[in-house]
Amino acid sequence: MDEAVRAAVGQGVVREGNPVVGLLDVRGIRATADALRAAFPREGTLHTFAVKAAPLVPVLRLLADEGIGCEVASPGELALARTAGVPPDRTVLDSPAKTVAELREALALGIAVNADSREELARLDRLFPASPAASPLGIRVNPQVGSGTIGALSTATETSKFGVALRDEGAREWLVRAFVERPWLTRLHAHVGSQGCPPALLADGVRAVYELAEDINRAAGEQRVRTMDIGGGLPVNFASDAVTPTFAEYARLLTADAPGLFDGRYGLVTEFGRSLLAKNGAVLARVEYTKTAGGRRIAVTHAGAQVATRTVFAPESWPLRVRAYDAQGRPKTGAPVPQTVAGPCCFAGDLVAVDRPLPPLEPGDHVALLDTGAYYFSNHFAYNSLPRPGVYGYASAEGHTRFATVRDPQSLGELVAESGAAHLAGLSALR
Ligand SMILES: *Cc1c(COP(=O)(O)O)cnc(C)c1O
């Protein structure tokens, strides 16, 4: 990281005219992909990447090179996956709001689809009255195992909007019948929450859905459910450089909880997002000014709510580590003093860290927001018409760091066009 920051400053990747950038560690991403594959070594496993965590074509391409497909949840995400060259048989479509057109497209392409609700299954019945498409089809189940520490990211609560709620009255019987009556339904899907959900909670959910699969197969008199899609959701440690929990630990937990899942009868699909990318990325921003107010030291930087949206609006749930670098991109060494790291947005709450002990920052220095490789580059917030930052991948070897553009920074021309420039006089013409 330190080497990459030094090189990003030295090579002008981050500079006065490009004061905030996203950085992605290409070797780190490859190593994380290796760890994922090693944790689930059995044949018949398809790893997909939840595109929403980093909707960037070169990232999807890099992961595809590593044998990892895409989990998509919108026509836009599907278009990105297809542009990256991810084949249909390595793509999974999950979304709670798939339109008829989206379903038709996915099934025409042969992409796996997990129906999110009874209504969606009825829609599939109507769309394909005779026989189903080539797509593997399944149902998403909410095992209702409870909430993690972040409510907005807990998908398996009693009243979650996702999937068919397994423990609701009559739901289990309905699900068994749905599969028994439809030989083309061959998958069960669960994605139990996300950051803030401990692995044991995720494993509880997977076990509940595995037990449902066994019930269905017994009732069908054959192996009707052939593939278990266990979703993603492995949390990430934002407090230090340690990778914990690991994919291997999670795989061991799943094996202990639901050994039958790994005895060779079931194909497996995973959909990890954050755990593949978060620790392999950082936001790097220039410090523009420093000031004090009411005794508080404040560094005004170019990274705020536009790029660290969740951290700014929900700081308790999304605290980030901040590292201080000087104007040359070298780690700052002064004795830490509490400083508030602010962003460029025009509202008072635009702070990425409050009273954080850091070496004293000065104008021209840099701050890095660590562990921001997942979700931070996708959750851009267009406040103050601040442009989407550029994202650059890097690889350091033998003292040299090379960069490759992942996404150009949004230009002012693009920003103006996106803001309705083509319709300049539209309102004035209405009387
Ligand atoms: C968001 C999402 C994922 C990925 O979640 P992470 O917490 O980033 O691993 C996987 N599957 C589905 C259905 C999702 O909505």
Side-chain angles (χ1 to χ4, degrees), residues 29 32-33 35-36 39-40 46-56 59-60 63 68-74 76-78 80-81 90-98 102 106 111-117 120 138-143 147-157 160-164 187-199 201-203 205-206 209 227-238 243-247 249-251 254 268-281 310 317-318 371-379:
I29 293 171
T32 309
L36 175 59
F40 297 91
L46 169 65
H47 296 297
T48 66
F49 172 65
V51 170
K52 69 176 185 281
L56 299 163
V59 170
L60 305 184
L63 291 170
I68 296 175
C70 284
E71 186 267 349
V72 301
S74 71
E77 290 182 355
L78 176 55
L80 298 185
R90 306 194 138 256
T91 305
V92 178
L93 173 64
D94 303 320
S95 145
K98 305 176 203 79
E102 285 173 58
I111 286 169
V113 174
N114 291 311
D116 188 76
S117 63
E120 191 177 343
I139 297 183
R140 177 167 181 173
V141 169
N142 168 12
S147 179
T149 56
I150 305 176
L153 269 72
S154 297
T155 51
T157 58
S160 164
K161 74 168 183 174
F162 291 109
V164 175
R187 290 185 172 199
L188 276 172
H189 172 226
H191 167 63
V192 180
S194 209
Q195 188 64 23
C197 294
L201 184 73
L202 309 186
V206 171
V209 178
T227 301
M228 296 286 292
D229 181 339
I230 63 169
L234 196 68
V236 163
N237 168 29
F238 285 93
V243 174
T244 173
T246 63
F247 290 124
E249 284 160 0
Y250 183 42
L254 288 173
L268 197 70
V269 176
T270 74
E271 306 172 341
F272 295 104
R274 184 174 290 103
S275 48
L276 273 165
L277 261 288
K279 296 199 86 67
N280 294 311
R310 279 178 169 166
S317 296
W318 301 103
D371 308 321
T372 47
Y375 293 100
Y376 284 81
F377 308 147
S378 55
N379 291 353

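Bear in mind the structure is a predicted one, so any value in this text is a computation, not a measurement. In each ligand, atom 1 is the first atom listed, and ligand 1 is the first ligand listed.
- Residue-level contacts of ligand 1 at the 4.0 Å heavy-atom threshold are Ala50, Lys52, Glu71, Asp94, Arg140, His189, His191, Ser194, Gly232, Gly233, Glu271, Phe272, Gly273, Arg274, Tyr375.
- With rounding to the nearest 0.5 Å, the separation of CZ in Arg140 from CD in Glu120 is 11.0 Å.
- Closest heavy-atom contact between Pro245 and Pro235: CD-O, 3.6 Å.
- Partners of Phe272 by ring pair (Phe, Tyr, Trp, His ring centres under 6.0 Å), not counting sequence neighbours, listed by chain and number: Phe247.
- Applying the ring pair (Phe, Tyr, Trp, His ring centres under 6.0 Å) rule to His191 yields no partners; only residues at least two apart in sequence or on another chain are considered.
- Scanning all heavy atoms of the two residues, the minimum distance from Ile111 to Leu93 falls at CG2-N, 3.9 Å.
- Phe40 meets the ring pair (Phe, Tyr, Trp, His ring centres under 6.0 Å) test with His47; sequence neighbours excluded.
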